[in-house]
A.B. asks: 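Have a look at this one before I ask anything.
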Amino acid sequence: MALIVQKYGGTSVGSLERIANVAEKVIAARAAGHDLIVVVSAMTGETDRLLGLAKGIDPQPNPRELDVLLSTGEQATIALLSMALEKRGCPARSYTGAQVRILTDSAFNKARIVDIDAQRLRADLACGRVLVVAGFQGVDDAGNITTLGRGGSDTTAVALAAALKADECQIYTDVDGVYTTDPRVVPDARRLDRITYEEMLEMASLGAKVLQIRSVEFASKYNVPLRVLSSFAEGQGTLISSEEDVMEQALISGIAFNRDEAKLTVLGVPDQPGVAYRILGPIADANIEVDMIVQNVAEDSTTDFTFTVHRDDYDKALRILRETANELGAREVTGDNKIVKISLVGVGMRSHAGIASTMFQTLAAEGINIRMISTSEIKISVVVDEKYLELGVRALHAAFHLDSKK
Ligand code: ASP
Ligand code: MG
């Protein structure tokens with residue numbers, strides 16, 4: 001008998017009919033002989049509605065009180081799902097985060113889980129009950145209600161699975177798994193059967209957002225097998241696990257992309273110790289996140305320095321960089337906020353040469369100019385002009401045969 005943690009997101013519990021559908025799925029899994037802990041989000045739109053109410057009183061609501069308010073969304077769904085289960089003859093019991101004792105730090109609105117008391121849950125499971133736990137919330141040392149940040153129910157589910165050493169953590173959502181790329185860009189995109197934690201982290205941080213990124217980090221740290229599946233369609237979904245568990249590794253798992261990029265360049269800065277720091281220090285001080293960084297080899301006594309930021313931060317970053325360039329006596333500052341980043345992701349890259357050259361050849365054949373390149377062990381990213389995003393992603397998807405079945 002396996003212990004499974006299932007998590008159902010807001011759309012999956014968005015109405016009483018959908019809650020009934022979840023109850024049926026839970027009962028079916030139990031009939032298959034599994035012990036079950038079910039984590040639920042608030043009904044679709046409920047967290048936003050509550051947030052709107054709070055902001056109607058104060059645009060910057062008191063963080064402690066905001067968590068008291070937001071946590072009620074999940075409290076409603078745990079009760080409703082438990083009722084639906086009980087009505088169908090399935091013994092169930094609901095728990096808020098505080099009732100479980102999901103202990104967090106005291107960072108209201110973005111708390112981190114510190115510890116989970118698994119004792120009560122274990123005792124209840126032993127009595128044959130299905131446990132329904134509120135996602136997204138916990139309690140701090142002093143007994144204050146906390147929440148884990150938007151999308152935090154995924155993390156609750158993974159943390160419970162880790163604490164109870166569950167056999168699998170299943171995230172039920174409105175898509176049926178993780179895809180090779182965004183199907184809206186490539187209609188032939190294929191659902192992946194398996195992907196490693198590392199690849200998923202690269203894909204998620206690059207915009208393929210299916211899961212709260214923190215939940216994947218958590219799953220990786222505690223080696224919790226994580227499965228993404230649809231609550232509305234049958235299927236095996238995508239299993240996210242450690243590299244050792246993935247027997248046959250594809251060369252490339254997916255193509256991620258990021259539309260909201262901008263790049264800035266400072267030309268002709270003196271090539272001296274401390275220059276990178278002088279350029280990026282003020283950017284960091286302004287809370288602007290920098291992604292790629294490239295510095296040229298100095299030909300004379302000066303060098304060029306390029307970095308990318310989120311497009312929303314472009315104007316601010318440009319202003320700061322102009323000031324710094326002045327102070328440093330640099331020749332010129334240029335920038336472009338119509339660029340995108342496309343990344344190939346795959347642990348198979350570790351053991352295969354030639355992937356980068358295939359990537360560059362493919363882009364060249366389409367007449368796409370590459371503006372920046374960066375690589376890591378399992379990822380190659382290029383920056384190209386915005387207008388080439390769709391063309392580039394489609395060409396690469398075909399070149400690496402991501403649409404054909406393995
Ligand atoms: N209800 C919360 C949100 O909307 C948490 C979650 O759904 O995971 O962000
Ligand atoms: Mg979610």
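Just follow the structure's listing: the first ligand is 1, and inside any ligand the first atom is 1.
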A.B. asks: Can you check which of Glu74, Gln212, Arg150, Lys7 brings a heavy atom nearest to atom 1 (N) of ligand 1?
C.D. replies: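 Comparing heavy atoms across Glu74, Gln212, Arg150, Lys7, the nearest one to atom 1 (N) of ligand 1 lies in Glu74.
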A.B. asks: Before accepting this row, confirm whether a basic side-chain N of the pair Glu261/Arg371 lies closer than 4.0 Å to the acidic partner's carboxylate O.
C.D. replies: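 Looking at Glu261 and Arg371, the cut-off is not met.
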A.B. asks: With side chain to side chain contact (heavy atoms under 4.5 Å, CB included) as the test, pick out the partner of Val185 among Ile255, Val393, Leu391.
C.D. replies: Val393
A.B. asks: Within a reach of under 6.0 Å around CZ of Arg311, are more than 12 heavy atoms found that belong to other residues, nucleotides or ligands?
C.D. replies: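 Yes, enclosed.
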A.B. asks: Heavy atom of Gly151 under 4.0 Å from ligand 1?
C.D. replies: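 So Gly151 counts as touching ligand 1.
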A.B. asks: Measuring from Tyr95:OH to Asp124:CG, what's the distance to the nearest 0.5 Å?
C.D. replies: 3.5 Å
A.B. asks: Using a 4.0 Å cutoff against the non-hydrogen atoms of Ser41, which atoms of ligand 1 qualify?
C.D. replies: 6 (C), 7 (O), 8 (O)
A.B. asks: Please could you name the atoms of ligand 1 that Thr47 approaches to less than 4.0 Å, counting only its heavy atoms?
C.D. replies: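 By the 4.0 Å cutoff, the relevant atoms are 1 (N), 2 (C), 3 (C), 4 (O).
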A.B. asks: Gly152: heavy atom below 4.0 Å from ligand 1, yes or no?
C.D. replies: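 Heavy atoms of Gly152 do come under 4.0 Å of ligand 1.
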A.B. asks: Only one of Gln6, His34, Arg227 forms a side chain to side chain donor-acceptor pair (under 3.5 Å) with Glu168, so which one is it?
C.D. replies: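 Single side chain to side chain donor-acceptor pair (under 3.5 Å) partner of Glu168 among Gln6, His34, Arg227: Arg227.
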A.B. asks: Return yes or no for this condition: an N or O of Ser153 is under 3.5 Å from an N or O of ligand 1.
C.D. replies: yes
